[in-house]
Amino acid sequence: MTSSLLFAAPLSAALLCLVQSEPADVAAQEEAAFKAVAAAVAPSVVRIETLGGVDTADGRLLASGPSTGTVVRADGLILTSSENLAGDPTSILIRLPDGRRVTAERLGEDEPRQLTLLRANLPEDGGGVSPASPAAIDEVRVGDWAIAVGRTFSAENVNVSVGVVSAKGRILGRAVQTDAKISPANYGGPLVDLTGRTIGILAPLTADGGSGGVEWYDSGIGFAVPLADLEPVLDRLAAGETLQAGRLGVTFKSASLDAEPIVDTVRPLSPAEAAGVQPGDRLVTVAGRPVSRPDEAKLALGPHYAGDEVTLVVERDGKEERLSATLVAELPPWRPSDLGVLPADPRDADEAEAEGEEADAVAGVAIAHVFSETAADGVLEVGDVVVEAAGESVETGDDLRRIVSRRPPGTELLLKLVNGDTATATLGEPPSTVPDTAPSTIDPKSDPLPADQSGRLPLEVAGFEGRSGALLVPKRAGRGGLGLLVCLPPKGSLTADDLFDRFGPAAEREGVILLAPNPENPDGFQPGDLPFFAAALEQMRERYAVEPVRTALYGTGGQGQTAWRIVLTAKSDYRGLVTDVAPAQLAPNEPDQAIVPLLIGEPPEESREAMREAGYPFAYIEVKTEGEESDADLSDEAIDAIVRWVTVLDRI
Amino acid sequence: MNVRASLAVAILACGASANLRAADVPLEVAPSVLEAQAARAAVIERIAPTVVAIFGPDGGGGGSGVLISADGYAVTNFHVTDGCGDAMKCGLNDGKVYDAVIVGTDPVGDVALIKLLGRDDFPVAEFGDSDAVRPGDWCLAMGNPFLLAKSDFAPTVTYGLVSGTHRYQEPAGTFLEYTDCLQIDASVNPGNSGGPLFAADGADAGKLIGINGRISIKRGRVNSGAAYAISSNQVKYFLGHLRSGRALDHGTLNATVRTNFDGDVLFDRILDGSAAQIRGVKEGDELVAFAGRPIRSVNQFKNVLGVYPAGWPLPLTVRRGTETIDLIVRTRGLNRRTDLLKTVAPKPGPPPNDVVKPLLEKRPGYVNAHFNEVERDRVLASLGSALPAAGWRIAGADADGVEAEFTLSDRGVGLKLGANRFLQSLEDDAEVLNEPPGSGGLLFALRQWQLLRSGRTTDFADLHYVGTEPLDWDGPTVDVLEAENRGVVTHFYIEVGQDGTGMLRGFDSWQENRGAATEVRFDGDRLDGSLPVPSQMRVAAGGAPYRTFKFTTATVASGESE
Amino acid sequence: MIVAATLLACGLFAEDPAIEDAGVATSARAVTAETLPKVVKIFGAGGLRGLPAYGTGFLISPRGHVATAWNHVLDADPNILVVLDDGRRLTCKLLAADPSRGLAVLEPERDDLDLPHFDPATFAPAEAGARVLAFSNSYKVAGGDEPVAVQRAVISAVAELDARRGRNAAGIAGPVLILDAPTNNPGSAGGPIVDRRGSLVGIIGRELKNDATNVFVNYALPAEKIGETLTAMMEDDFVATSSASIALSGGPQPADLGALLVPDVVRRTPAYVELVQPDSPAAAAGLRAGDLIVLIDGELVPSIRLLRSRLAAVEPGEPVDLVVRRDGELVPLTVAVPEVEDLRDPPAELPRDRR
């Protein structure tokens, strides 16, 4: 037994004696209290009746019966659960506590809390309504009685459901949780404490903070949005505003439960970027709450709306900085752009340094190739060394890529060269085709790899003994390292060996490693294989000079969705994806971990549009497909194009 | 006053003024009601820190648990850890995340023991007595339904009644059988699994009475008014065994029972070699009481079997005609070992991190062999320094005054009993023979004792920690070590005091494939001198008393004897 | 056996200081201990096709008359098995039923008992906000001498189940007690609802979904006004006619189609559909609970008895045309009758004892 337990025991034991001595009285008095609460809050609880509208929304059948609203202002402002109006009724009637009906109109909506504000056109005498009195949430304790009130079974009487407060700060800090039975019988009604004060407005929220649903009705998992939290925004809602959840625009290095809240990426044009948040910053406080994990940061942001200004304290280089961000509802979609160059081998700089030259002399990124009819065409030449772009210094190809990628097409990018010249390029759209030609990536001067480390090898991944696969390593390194194409053998007839026969010559020629594991499960690769892929890639990067931005996954012929899943789960491991299907679900592409798809076959217009909107700079190669296994129909030209595409994945 | 009437009153009170808030808010509430509410909130505040939100190593999946020791042991459901793997992440309501590692599992009873790492002052739930719970008692269920606590690990609290006690819920196959469980109407939902059920009334408020694990459903997987919690007493009985790092089994008598027309429960079929048969139970005998409980239905019989680990000594009262017979039986394992061990296999997933790795040892037959070694070494260390390894000579007399002298050496174990001489050779080719009639295998059993006490545990083919049990049902709680030597299994019963000092209270030895055991129990003071052995030794075989020896001298022989 | 059980119960009672101290049994634990001996488990029809074959009832006379909900479980002619709290089994027959209130009374064969019971004269009113306890063998959690489950609830409202219809699909006229807990589960129907003093205030109704919201409603029939009815049902010479199904070996029965009818209590019980099993031929055809089957293959079916005999003559494997009355309209449906091998074993429909 711990000391804290010992400390707490006498106190509660003393309190409990009171409970034990008069069980009968307390039970009776509690019952009287429940009834008194219902009576006291009844003038705040109205019945909502709707006419017209649709029967279904988001594939679910909507309730058509009467529902409940809570009066929050004497002049007829009524809060209700948006679920009650999900059918978008043509007309809303309010049945007042005294039985009279009046019309009402929708004013504003609180999207994250799934609440709608109505104004009832009250009769001149005020309709006998009385606004709900909010409870101070700080004084509400877990375990306190909580009485949910609705007016759905009869117009004359309220209906009650009695439970306790189960937790506070739920649903990203937006709701109080109760085990009172919450259902369409009381959505929109108040959750009331023993003194008749309204803890919150009942709404069918879900754990992900997403749209409501009635799956959890009466399950003892119910939510109420604190009325006290809503008071400050009632005027905005009354003015017809739609309040939306606020977004900041950062991702974290790890989503793991106990990861540190270290910023991984900052979305371009996002509030975080405007506030000056930088990748690598460690969040210390968010909106005044100390945070030690990514989930806590989300919890701290959860209650805030778009337009709210929140203070962030970040730790950077051992110092704390105080930043201020104004949250937005929608982060501007990322629009990838293209300069049209390939950077030179960064190891040239290392070699130069090793040879004792002044590091400054070779700072910057040398241009290895300029694609025709691109932004750089006629602006940059092979051999130019870019040292600054848009005012930011450039030391590596990744720097230049980041600067370019964060600026939408059409941006005029000022480039400073090592010789002092400047050039301005107007960024273009990423190409939708594979270039017909690309500079040779094989460096004929480089030392060939030993015979036992190159050519066709068995795939052996440490920690995953027993898994099989094949590996093809070109003899010589390419520009800036080897490309890497991980191939998922398609379901059906083609084996890893077939793939190698077809892709091998081009890969050998272009300096691309081919890696083809065999699936353990006969149904193909599974989400559980992700650690295996991660380990295989890590091992390749350890053993060979693999250029990370020239790493791609190939998955077609029934493996397309799996390939999407693998790549989107391990964005930092891949840049390219060769597949024959559009993904089932598309998360927005992130500029700092962008995935570049190459689609075999021309995708349907709607998937092209979806991928464009989500910021995927996809290209495609047309193939004449006859059977389902598109691989079987790939021409030699198509195979060459795929491999060539891998070698230019580092295109900026 | 019904609601309609109250409503009318309230409206009158408000009058026609629309600008007033409900005039009578805040309401006056009877002080006793507020006090009861405050007491409940205080209890919740006190126990909420003991509730664990359990997640997989990557933060996915999960369930609930409850801390039961300051060094981090926590109880949850087997079906929770089975989904999470051997390493877990656990959140407490202090908002912090702790690494946790699997310790032991009970797949039949759906219980698992895990250990949270990183502190030695974890808040701890106190066990209540689940057998004292009655239908209609108020209770608090706590846990992580629908993973709602993922942001801050503050548990969900639901409040309700105990709907029924001593419930029986059928297993799925042979696993996940809920015997003698509590039925509650406090809301329990997916994610609550493994979380605690606390008493809410009276002096027991806040004490652990169950582990929530199962619900009846009728419309998707949400609470529909009936949830089931494994009784805290069952968890208590299994706790010592769970610390052994093994996958535990439940017991069987290898006998079936049926209810006759009068409602008596009769033994129906008894398999040869079963524990019941060995103790002389016959088909048709009436089962009157089992483990101290009157048995009036087949479910009650299953309920008793379900709450104790396989192998526990349980009293059984049978009636044969007019005769009432009291026995102690040891149940056998219900499952084939191979079926149990299927649950032990490592789960796919990331390898354990550096915090967990030193505390996780996957070895065939164990959920986590690390903890078996910890417990075994603790018990061995409790016995203090080893006795001399040379030959032992222990002399005295039996209760009838017949002189007795035992000689234990590496070559053999001998007994001079009055004019009779018995010798159990220990030579490699020796057969088991010349044991005193009626003693079972006393001499070979004594040799196991000598090996244990003289620190020669490497002579055993295997020595592992079993768990805890009440010695002979009504004796003190003892730790059990199991040793194997030449096909003979020995269970040593060691009572370890609060100060960590252990005392060997006896041991049972039996041939692996033959049922009846030689049972040796030690009493009395230790003899002075070079060999401090107990002054009294009671011996029985197969439940039938053999002899009680009182020792007067015990010495270490200089050389090998006879 | 009786002695043993009584002693055990006393033992439990005496062990509990809280009850003795309080003097009046009003804690949930005490009311539960006092109520459980008056609640019975009912086992009857259903079972086949996965429908619950169990229900709950409570004793309303020392002799062992049982009040319960009128539902398909009672259609187990001639005998219904009632299991008392102490495990004793009583064979009962359906004595009387009141379809308008959804009530039924069972009578045990033996008449030598003296059992704890609720006296119909003492049934109490209930009002919204009252704390109650609900007792039932929901999910068949109890067998033999195991007590049924107790749940706590508050009366959420006293209201018509669905006012727009007047008489709702449950066939219950007048207001019911709406409860704030999931009390209406498989096997719950017929269980007693008592107030915090232990007085009977309601009888748990059958499982029902609210048409307007598509969620389950938990409700009970108010007990206050039915005491007299139950007494009359016990005392009057109101003997139910046995279920007069005409057995034809091999012929389909409504249950084979996935339709459960209301109990066949009187000679001309109209063929109201009580339950339609999901994924059954009846469900596929669009048959709904509450439908009244009016015509089968063009012929009028004035009673369940005649429906059974007409249906039994239908060739398995062939479709059968039904016309049902629903919300005052006549709706035609076509139901596919399963093949013979899909039908239940003939022995389950052996000729019954007809009175």
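On a predicted model such as this, the values are computed, not experimentally measured, just so you know. First the proteins, then the strands, lettered A, B, ... as listed; each starts at 1.
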Q: Got a sec: does the CZ of B:Arg293 have more than 12 other heavy atoms crowding it under 6.0 Å?
A: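 Yes.
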Q: Any side-chain heavy atom of B:Leu161 sitting closer than 4.5 Å to one from C:Arg29?
A: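 Result no, sub-4.5 Å side-chain heavy-atom pair not found.
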Q: Using heavy-atom distances under 4.5 Å, tell me whether C:Val158 contacts chain B through its side chain, its backbone, both, or neither.
A: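 No part of it gets close to chain B.
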Q: Please report the shortest heavy-atom distance between B:Gln183 and C:Ala149, naming the atom on each side.
A: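 Closest approach of B:Gln183 to C:Ala149, heavy atoms only: NE2-CB, 3.3 Å.
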Q: Apply salt bridge (Lys or Arg N to Asp or Glu O under 4.0 Å) to B:Asp110 and list each qualifying residue two or more places apart in sequence or on a separate chain.
A: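 Expected list: none.
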Q: Taking atom CG of C:Asp112 as the centre, report whether more than 12 heavy atoms of other residues, nucleotides or ligands fall under 6.0 Å from it.
A: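 Correct, the count exceeds 12.
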Q: With a 4.5 angstrom heavy-atom cut-off, could you sort out which part of C:Phe216 is near chain B: side chain, backbone, both or neither?
A: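 Just its side chain gets close to chain B.
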Q: Measure distances from B:Val162 to the heavy atoms of chain C and classify the residue's part below 4.5 Å as side chain, backbone, both or neither.
A: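 Backbone only.
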Q: Check whether more than 12 heavy atoms from other residues, nucleotides or ligands sit under 6.0 Å from atom CZ of B:Arg319, and answer yes or no.
A: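 Result for CZ/B:Arg319: open.
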Q: Which pair of non-hydrogen atoms, one from B:Gly136 and one from C:Val150, has the smallest distance, and what is that distance?
A: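 B:Gly136 and C:Val150 have their closest heavy atoms at N-CG1, 3.8 Å.
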Q: Got a sec, which residues hit side-chain hydrogen bond (donor to acceptor under 3.5 Å, both in side chains) with B:Lys218, two or more places apart in sequence or on another chain?
A: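 Counting only residues at least two positions away or on another chain, B:Lys218 forms a side-chain hydrogen bond (donor to acceptor under 3.5 Å, both in side chains) with C:Asn185, C:Glu207.
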Q: More than 12 foreign heavy atoms under 6.0 Å from CZ of B:Arg258: is that the case here?
A: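 Buried by this count: over 12 neighbours within 6.0 Å.
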Q: Among B:Ser187, B:Pro135, B:Gly160, B:Ala186, which residue forms the greatest number of heavy-atom pairs with chain C at distances under 4.5 Å?
A: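 Result: the option with the highest number of such pairs is B:Pro135.
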Q: Using a cut-off of 6.0 Å, state whether more than 12 heavy atoms not belonging to B:Lys236 lie near its atom NZ.
A: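 It does: B:Lys236 NZ has more than 12 such atoms within range.
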Q: Between B:Ala132, B:Ser216, B:Gly164, B:Ala226, which has the largest tally of heavy atom pairs under 4.5 Å with chain C?
A: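 Going by pairs under 4.5 Å, I would pick B:Ser216.
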Q: Rounded to the nearest 0.5 Å, how far does CG of C:Asn184 lie from OG of B:Ser224?
A: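 Spacing of OG (B:Ser224) from CG (C:Asn184) equals 11.5 Å.
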Q: With the side chain counted from C-beta on, respond yes when B:Arg167 and C:Val141 share a heavy-atom pair under 4.5 Å apart, and no when they do not.
A: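 B:Arg167 vs C:Val141: side chains touch.
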Q: Does any backbone or side-chain atom of C:Ala134 lie under 4.5 Å from a heavy atom of chain B? Answer side chain, backbone, both or neither.
A: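 Nothing of C:Ala134, per the 4.5 Å heavy-atom cut-off to chain B.
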Q: Would the distance check show the side chain of B:Asp185 and the main-chain N or O of C:Arg152 forming a donor-acceptor pair, the cut-off being under 3.5 Å?
A: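 Present.
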Q: For each of B:Tyr228, B:Tyr168, B:Trp138, tally heavy-atom pairs with chain C at distances under 4.5 Å, and name the one with the top tally.
A: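 Winner by heavy-atom pair count: B:Trp138.
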Q: If you tally heavy-atom pairs under 4.5 Å against chain B, which of C:Pro186, C:Gly144, C:Pro147 wins?
A: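 Ranked by heavy-atom pairs under 4.5 Å with chain B, first place is C:Pro147.
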Q: What do you reckon, is CZ of B:Arg221 surrounded by more than 12 foreign heavy atoms closer than 6.0 Å?
A: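 Not more than 12 within 6.0 Å, no.
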